[in-house]
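Hydrogens, waters and symmetry mates play no part in the numbers below; they use all other heavy atoms, side chains included. Count residues from 1 along the sequence. Computed from a prediction, not measured in an experiment: that's the story for all the values here. Counting starts at 1 for both ligands and their atoms, in listed order.
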Amino acid sequence: MMVGKTIHITGVVQGVGFRPFVYKLARQHGLAGWVRNTSAGVDIHAEGEPESLQAFLDALTAQAPPLARIDSLTAADSPPEYHAAFEIRYSEAQQGAFQPISPDIALCADCRRELLDPADRRFRYPFINCTNCGPRFTIITDIPYDRPLTTMAAFTLCAACEAEYHDPADRRFHAQPVACPDCGPQVWLEGGGITARGDAAIRQAADGLRAGKILAIKGLGGFHLACDATNTAAVAELRRRKGRVAKPFALMMADLEMAERHCQVSQVEARILTSPAAPIVLLRRRPEAAAVAAEVAPGQAVLGVMLPYTPLHVLLFEDGMPPLVMTSGNLSEEPIVTDNADARARLPALADVFLMHDRDIHIRTDDSVVRVFDGEELPVRRSRGYAPYPVRLPFDVPPMLAVGAELKNTFCVTRDSYAFMSHHIGDLETYETVQSFEQGITHFERLFRIQPGQIIHDLHPDYLSTRYAQTRAEAEGLPRLAVQHHHAHIAACLAENRHPGDRPVIGVCFDGTGYGTDGTIWGGEFLIADYRSFERAAHLKPLPLPGGDAATRKPARIALAYLLACGLAPDDDLPPLRALSPVERDIIYKQVAAGLNTPLTSSMGRLFDAVSALAGICQAVTYEGQAAIELEAAVDPAESGAYDFDTAAVISPAGALEQVIADYRAGVSPAVIAARFHNGAARMIQDACLRLSEQYGLDEVALSGGVFQNVMLLGKTLPLLRQAGLRVYKHRLVPPNDGGLALGQAAIGFGSR
Ligand code: ZN
Ligand code: ZN
Ligand code: FE
C-alpha cells in the first residue's frame, strides 16, 4: 500500500546539511518524493509503505545532523504523487516567511583532515568548508540561504566543486560556500604592495609572527591584530599602537594541549573550546606557566583563550607556532574592520603586514567570550558562533524591536516565539558604531522578515539607542516603550530561563550604572519583578559619585567620597588617599560636603570599585570593570571571613567599609580583604532575599547585571540562596551585562502590553 505525507520543519535546518540528510534517509527507507528549502524552513513530501514512512519520520528528529536545531515538525497525510525516486528540489522563496539562520561554524574534523592531507585537492587551502562547517551568518545577504544570496556569489564553481555541490552523497552537497584552490577565494600578503600569494603568503605571515611582527589577519567576521603572545616587546608594541593600556588581549592557541599547558581547563571548558561555536573561554591561568607575556592580561587571574576556528588559523599554527594575541582589528572603540579597503585605510598604523583574502564579510561579528560557571556557559559577549541563533521565548510575541543599552550594545528583533539577539555591536559612542548598529537593525529586519510594531528602549534619555528609538518611532508612527534598565536585566534572565511570568520573582540586579525611575543612578537593586512591572524593594544606599561619570575612571575618588558620605575618617595612609593629589582630595571634600556635581548612585559596581581601591588593588582604570575584575582576581579562596552589611530596605555599606579599613590598617592582605568583601556581599544577598521572600511570599530569585559576570561572587552566592530553599535563575544564553539587555526589553515590551 502506498501512502504519502507532507512534512514541514522549522528551526535551524538550512546550511547545516539537512536536505542531504533527508535525501539519504528517504532512500534508506525506500521512499520517493522530494525535499526543499523554503524561506520558512524545510518542506518534505515522502511516499511509500506506511511502516517505512513512520520509521523515516522517527529518524528525522532522532538522527538529525549535529548542527540542525528542529523547533517544530508537522506531518500531514497527503495523497501519493507517484514519484519515481526521491529528489532535492530548488528553493522556493515565500513572501514574508522566514527561518533562523545558522551562525558561523568552526572548521570540522573532516575538513581539517583534508586540509592537512597532501593527497587531497584542497590540501592547505585556507577556505575549505563543508555542509557541517564554515562561514554562514557573516556571508549571508538575504534568505533563503543559497549561494547567490551570499558573498560567495562572486566565485563561479569549477567543474569539480560543482559536481560535489550537486551530489547528494557528497559531504559538500549544497554547501553554499564550497570552494577550492581553482575556483574559490585566495589569500595574499601585503604591506605597500602584494608581496606573496597563496601558501607562500601564509608561510611568510607565520614567519613574520615568529619574528615579532604585528599582523592584520582577515578572518571570519573581521580583521584580527595578531602577534606572538610570548614576545613581550611585540605585545607591548601592540598595546602602544592600539592605545590600550591594560585591557586584556585574547589569545589563540594551537590546540587543547597548548591551552592546558598554560591554563587549567575543565572538561566543560574543553568541550566549549572545541565546540562548533569556538568562543574565547576565560580560563584560570596556571601560575607556573609563564611563557605568555604578563602584558597580555595584566592584573588578571584568567586568560581569554580560543582555538583555531578557520582553516587559515590552522595553517598559521603549524610548525610550532607559540600562542598568539588575537585582538579585534579596530581603532580603540570603533567597530572591527571587515573590508579590505577599510583595513588599508584604518589599520596601517597598527599592523606591519596584512594577510588578506577576497571573500567579503557581509556582517561583522566579533569573537564571543564565555566563562564557565557551575558546569554551564556564562556568556560575557555573545557574538560569533552564537548570533543570530534565536533565544526561544516562553510565549509567542508580535514583531518588536528592542534596541538595547549604550555600552556592549546588542539589539533584538522578535517574532513568533523567537528573540533574534544581534551580534555584539559595541559601545554606541562613535559615529561608526552607531552606523553599524543602524545597519545591523536593517539587516536583521530584512533577514527575518520582521516589521516591528513596537520599539522598546532604555529609560536613559541620553543613550544613542534611545535617541534612535525615539526618532524611528516618530518617523514610522510606532508605539515605543521606555524600560528601566535593571528591570530589563531581570526580565532578560527570566526570559532566557523561559519563566512563564505568571508570578513575580526577587530580582537581584547588581550592575555598573543604569538610569533609575527617580533620575538617580541605580545598580545595587532588589526588585520584585515580572515581565509587566517591578517594585524597588531594597537597594544599596545611594552614595555620591564625585564628578559624575568621570569618577568611574578613578576608583580612588569613589573610595574617598564613599568614606566621607558614610562618616568614616579617611586617613591619609589609606591607598586611595595616597593615590590622590592634595588638590584632588580637596575638591572631593568640597564636592561631597556641598553636594555639588556628585550624582547619587546605588551601584554595586561602584562599591566594588571603592573596595578595590581601599584594598590597595586598583586606584585608576583604563577599561570598564577593571577595578572589580582585579578585586575578583585577588580573592583568596581559602578565606571564609565576611564583612557585615546591614539588611534594611536601604542597605548601607558603611559597616563593611569600616571593616575594610580596619583590616587594611591591621596589615591584612588584599587577597583576604577581597575575599571577605565577596563573602559579605554573598551573605547580604542571602539575607535580603530571605527577608523579601518572607515579606512577599516568593521563593524564586533571578540574578542579573554586569556584576554577575563575577564567578567568584556567583560561586559564593548560589549555595547560600539554595541552602535557604530559594530557586535561583542565572544567565546561560545571554550575558548578565548590558549585552543581554535587549532580550529583557523585548520580554517587557510583550509583558506590559
Ligand atoms: Zn567541514
Ligand atoms: Zn572549485
Ligand atoms: Fe546594566
Requested in this report: Kindly give the atom name of the N, O or S atom of Asp511 closest to the Fe ion (ligand 3).
Outcome: OD2

Query raised in the report: Hey, are Asp518 and Arg536 close enough for a salt bridge, meaning a charged N less than 4.0 Å from a carboxylate O?
Result: yes

Query raised in the report: Between Gln745 and Gly404, is there a donor-acceptor pair closer than 3.5 Å when you use the side chain of the first and the backbone of the second?
Result: yes

Report task. Could you grab the protein N, O or S atoms closer than 2.8 Å to the Zn ion (ligand 1) for me? Result -> Cys108 SG, Cys111 SG, Cys130 SG, Cys133 SG

Query raised in the report: Do His678 and Phe608 have ring centres separated by under 6.0 Å?
Result: yes

Query - the Fe ion (ligand 3) to nearest N/O/S of Cys509 below 2.8 Å - result: no

Report task. Please determine if Arg371 and Glu632 form a salt bridge, counting it only when a charged side-chain N lies under 4.0 Å from a carboxylate O. Result -> yes

Query raised in the report: For the residue pair Phe123 and Tyr125, is the inter-centroid distance of their aromatic rings smaller than 6.0 Å?
Result: no

Requested in this report: Classify the ring geometry between Phe411 and Phe437 as parallel (under 30°), tilted (30 to 60°) or perpendicular (over 60°).
Outcome: perpendicular

Query raised in the report: What do the steps show when you test Phe137 against His362 for ring-ring contact (aromatic ring centres under 6.0 Å, His included), and what is the final call?
Result: CA-CA 8 Å; Phe137 174 56; His362 187 68; 9.1 Å; no

Report task. For the Zn ion (ligand 2), count the protein N, O or S atoms found under 2.8 Å away. Result -> 4

Requested in this report: Indicate if the distance from the Fe ion (ligand 3) to the nearest N, O or S atom of His485 falls below 2.8 Å.
Outcome: yes

Query raised in the report: Is the Lys NZ or Arg CZ of Arg532 less than 6.0 Å from the centre of Phe750's six-membered ring, within 45° of the axis?
Result: no

Report task. Please find out if less than 6.0 Å separates the ring center of Tyr389 from that of Tyr386. Result -> no

Requested in this report: Could you tell me whether the side chains of Ser602 and Glu525 share a donor-acceptor contact shorter than 3.5 Å?
Outcome: yes

Query raised in the report: How about His487 and Phe534: are their ring centres within less than 6.0 Å of each other?
Result: yes

Report task. Could you check which N/O/S atom of Asp738 is closest to the Fe ion (ligand 3)? Result -> OD1

